[in-house]
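Counting from 1, the numbers follow the sequence of the chain as shown.
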Amino acid sequence: SEQYVFCKSFYDADLRIANLEQAICNNNYENKQNKCTLHSAPENLRKAATMKINAVALSNNHIQDKDNEGITNTLKELKQYKISYFGAGSNINEAKEPFWINENICVIGYCEFNKPYLKKVQIASDENPGVNPLNYDNIIKD
C-alpha cells in the first residue's frame, strides 16, 4: 500500500530530521504568556527514538513555552535518547551549532522573532537558553 511505501522509504532513509515544535517537560509552569502553549511529556520521545529520528530542529516559537526549564529539560531528554538537535540550546553558542550531515553539508536552524504574531520567542544569549535568531547578519556570520 501507499502507506507502507512511505514508511519503508522513511525507515530506509540514511537520515531522518524532524521539527520538534514543543518543549519536553512535565513542570507546572504557569502560562503567563497569553498565547497557545505546547509541550509534551518526556516519555513521548521514545517514539522519536523508535522512529530512528537522527536530529530535530528546535528553532521554533514554542520551545520556550515551559520557560527556561522546558528548554533545558528538552535538551537533556534529547541527549538521553541520543537525538541530535539544532536551532536552540542552553546558550547562544549551542543554539548556533549546526547539525552536520557529512563533512560538507550541515543544517542550521533559525527562528523568526519580534513579530506581532510571535508573542514571545526567547533568543539565546551567553547566559540564557533559547533559539538562534533569524536575521540576515546572523545567517551571514554562521
Main-chain N/O of P129 paired to Q122 side chain as donor or acceptor, under 3.5 Å: yes

Verdict with supporting geometry, L134 and I139, side-chain contact (heavy atoms from CB on, under 4.5 Å): CA-CA 7 Å; L134 174 66; I139 294 169; 3.5 Å; yes

Inter-residue atom distance L15.CG - N102.CG, 0.5 Å rounding: 9.5 Å

Sequence neighbours excluded - side-chain hydrogen bond (donor to acceptor under 3.5 Å, both in side chains) pairs with any residue from residues 44-58: S40-N44

Residue pair P133 / I92, side-chain heavy-atom distance below 4.5 Å: yes

side-chain contact (heavy atoms from CB on, under 4.5 Å) between L58 and V131, worked out: CA-CA 7 Å; L58 298 178; V131 297; over 6 Å; no

Interatomic spacing from NZ in K141 to CG in D137 - rounded to 0.5 Å: 6.5 Å

Which atom pairs, one a donor and one an acceptor, fall under 3.5 Å between side chains of residues 83-90 and the rest of the protein, sequence neighbours left out?
residue : atom : partner : partner atom : Å
Y85     : OH   : E94     : OE2          : 2.2
S90     : OG   : E94     : OE1          : 2.4

By side chain to side chain contact (heavy atoms under 4.5 Å, CB included) - contacts of E77 (at least two apart): I24, P42, L45, N73, Q80, Y81

N91 side chain to N93 backbone, donor-acceptor under 3.5 Å: yes

Interatomic spacing from CD in E21 to NE2 in H62 - rounded to 0.5 Å: 5.0 Å

Same cluster (ILVMFWY, side-chain, under 4.5 Å), M51 and L20: yes

Qualifying residue, where the test is side chain to side chain contact (heavy atoms under 4.5 Å, CB included) with P98 and the options are I105, V107, I108, D142: I108

Single-linkage hydrophobic cluster V121~L75, side-chain heavy atoms < 4.5 angstrom: yes

Short side-chain to backbone donor-acceptor contact, N132 and G109, under 3.5 Å: yes

Main-chain N/O of I63 paired to N60 side chain as donor or acceptor, under 3.5 Å: yes

D12 atom CG: more than 12 heavy-atom contacts under 6.0 Å: yes

Distance in Å, D67 CG paired with Q64 CD, rounded so as to fall on 0.5 Å steps: 9.0 Å

Shared hydrophobic cluster, Y110 / F113 (ILVMFWY, side-chain heavy atoms < 4.5 Å): no

Atom pair CG (N135) and CD1 (I140), whose distance is rounded to the nearest 0.5 Å: 10.0 Å

